[in-house]
Amino acid sequence: MILDPDAIDNIRSLAVDDAQGFLREIIGIFLTDTPSRINEMQHALESKDAPAYSRAAHSIKGSAANLGAVSMKAAAEKAEQLGKSGLDGAAEALAAMREEFTRTRAALEQLAAG
């Protein structure tokens with residue numbers, strides 16, 4: 001599952017008047033912020049900064065959880081744990097994060113359009 005429909009409904013329920021507009025705004029923030037965090041993870045990996053890698057993954061994990069991006073949250077959680085235990089496997093986890101973000105972005109863009 002890429003997106004949790006219950007989480008999406010919860011976001012819509014927070015809107016005062018324009019539920020779809022509010023959802024689009026939240027999606028826009030996620031789609032703008034996440035690539036920056038993924039770049040932070042890349043830089044941290046290159047500089048062998050495990051805490052920075054883990055922090056960026058943690059940030060993505062929280063954002064994904066709030067938005068109901070289930071598979072993205074799982075990928076970020078795995079990356080976060082790898083950052084906490086060194087960086088073994090971190091490059092593969094980062095590649096998986098990029099793939100999940102591509103899938104998640106497509107699903108969110110479709111949701112925002114509808």
Side-chain donor-acceptor contacts of residues 44-53 below 3.5 Å, not counting sequence neighbours, with atom names and distances?
unit_1, atom_1, unit_2, atom_2, d
E46, OE2, Q42, NE2, 2.9
S47, OG, H43, O, 3.0
S47, OG, A44, O, 3.4
D49, OD1, A52, N, 3.1
Y53, OH, A90, O, 2.8

So how far is it from [X] [atom1] to [Y] [atom2], rounded to the nearest 0.5 Å?
X    : Y    : atom1 : atom2 : result
R37  : T32  : CZ    : OG1   : 11.5 Å
R103 : L3   : CZ    : CG    : 10.0 Å
E25  : I11  : CD    : CD1   : 11.5 Å
I60  : F101 : CD1   : CZ    : 8.5 Å
M41  : L87  : CE    : CG    : 9.5 Å
N10  : D4   : CG    : CG    : 8.0 Å

ask   = Is there a side-chain contact between I27 and E109, using heavy atoms and a 4.5 Å cut-off?
value =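 Contact flag for I27/E109 side chains = no.
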Heavy-atom pair of closest approach, residues G89 and L82 =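 Distance-wise, the nearest heavy atoms are O-CD1, 3.4 Å.
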request  = Group every Ile, Leu, Val, Met, Phe, Trp and Tyr by side-chain heavy-atom contacts under 4.5 Å, then state whether F30 and I38 land in the same group.
outcome  =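 Yes, because F30 and I38 connect within a single hydrophobic cluster, where side-chain heavy atoms sit under 4.5 Å apart.
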request  = May I ask whether L14 and I8 are part of the same hydrophobic cluster, defined by side-chain heavy atoms of I, L, V, M, F, W, Y residues being less than 4.5 angstrom apart, directly or through others?
outcome  =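 Linked within one cluster.
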Backbone of A112 reached by a side-chain donor or acceptor of Q20 within 3.5 Å =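 It does hold such a pair.
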request  = Only pairs at least two apart or in different chains count here, so list each salt bridge (Lys or Arg N to Asp or Glu O under 4.0 Å) that has a residue in residues 5-18.
outcome  =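 Non-adjacent pairs meeting salt bridge (Lys or Arg N to Asp or Glu O under 4.0 Å): D9-R12.
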In a table with atom names and distances, give each donor-acceptor pair under 3.5 Å that connects a side chain of residues 64-75 to protein atoms at least two apart or in another chain.
unit_1, atom_1, unit_2, atom_2, d
N66, ND2, G62, O, 3.3
S71, OG, E100, OE1, 2.7

